Amino acid sequence: MFPEITVTDLAEKLKSEDPFILLDVREPHELEYAKITDSRLDATPLSRLAQDGLTALSESARSQDSTIYVLCHHGNRSMQVTAWLSQQGWKNVFNVRGGIDEYARTIDNSIGFY
């Protein structure tokens, strides 16, 4: 098992001033349907991570000390990325359980569904 947070936890963290990275690993066309708007959002598709590895990450996400919450549509791809980053040495990486779909249904339906 890898660390997870709930969408309720994520909503609380988004209200805070805490430094973290919200790593959205969905593909670019998916962002057109539903997207959390926050300055800490870093959209890096899983396909790019698979192709380019760690170099696909933003500079801030490359720091193994960064706190990273990984988000996708339902939580499957984000769990893969969470596991991969953990295996690479990241200690503060967490899957967002249920993904943006659960976030939209539970927290803020204005961000959209697909």
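As the structure is a prediction and not an experimental result, all values here were calculated from the model.
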Tell me the closest heavy-atom pair linking [X] and [Y], and the distance in Å.
X      : Y     : result
Glu4   : Arg97 : OE1-NE, 3.3 Å
Ala43  : Leu31 : CB-CD1, 3.7 Å
Pro28  : Pro45 : CD-CG, 3.8 Å
Ser16  : Asp18 : OG-N, 3.1 Å
Ile100 : Leu71 : N-CD1, 3.5 Å
Ser78  : Val96 : OG-O, 4.2 Å

Side chains of [X] and [Y] in contact at under 4.5 Å (non-hydrogen atoms):
X      : Y     : value
Leu14  : Arg40 : yes
Lys35  : Leu41 : yes
Ile21  : Ser60 : yes
Val81  : Asn95 : no
Asp108 : Ile36 : no

### Message
Tell me whether Ser63 contacts the main-chain N or O of Asp65 through its side chain, where contact means a donor paired with an acceptor under 3.5 Å.
### Response
yes
### Query
Between the main-chain N or O of Val25 and the side-chain N or O of Glu30, is there a donor-acceptor pair closer than 3.5 Å?
no
### Message
Checking Arg48 now: which residues fulfil side chain to side chain donor-acceptor pair (under 3.5 Å) with it, not counting sequence neighbours?
### Response
none
Do [X] and [Y] belong to the same hydrophobic cluster, where Ile, Leu, Val, Met, Phe, Trp and Tyr are linked whenever their side-chain heavy atoms lie under 4.5 Å apart, directly or via other members?
X      : Y     : answer
Leu49  : Val93 : yes
Ile68  : Leu57 : yes
Ile107 : Leu22 : yes
Ile111 : Ile5  : yes

[atom2] on [Y] to [atom1] on [X], rounded to 0.5 Å:
X      : Y     : atom1 : atom2 : result
Lys13  : Thr8  : NZ    : OG1   : 12.0 Å
Tyr114 : His73 : OH    : NE2   : 4.5 Å
Gln51  : Leu46 : CD    : CG    : 11.5 Å

### Task
Scan for ring-ring contact (aromatic ring centres under 6.0 Å, His included) pairs involving residues 74-93, sequence neighbours excluded, and state none if there are none.
none
### Summary
In short, ring-ring contact (aromatic ring centres under 6.0 Å, His included) pairs touching residues 53-72 with sequence neighbours left out are Phe20-Tyr69, Tyr69-Phe94
#### Entry: Test item: side-chain donor near acceptor, Tyr33 and Arg26, under 3.5 Å
no
### Query
So, are Arg62 and Glu59 salt-bridged, with charged N and O less than 4.0 Å apart?
no
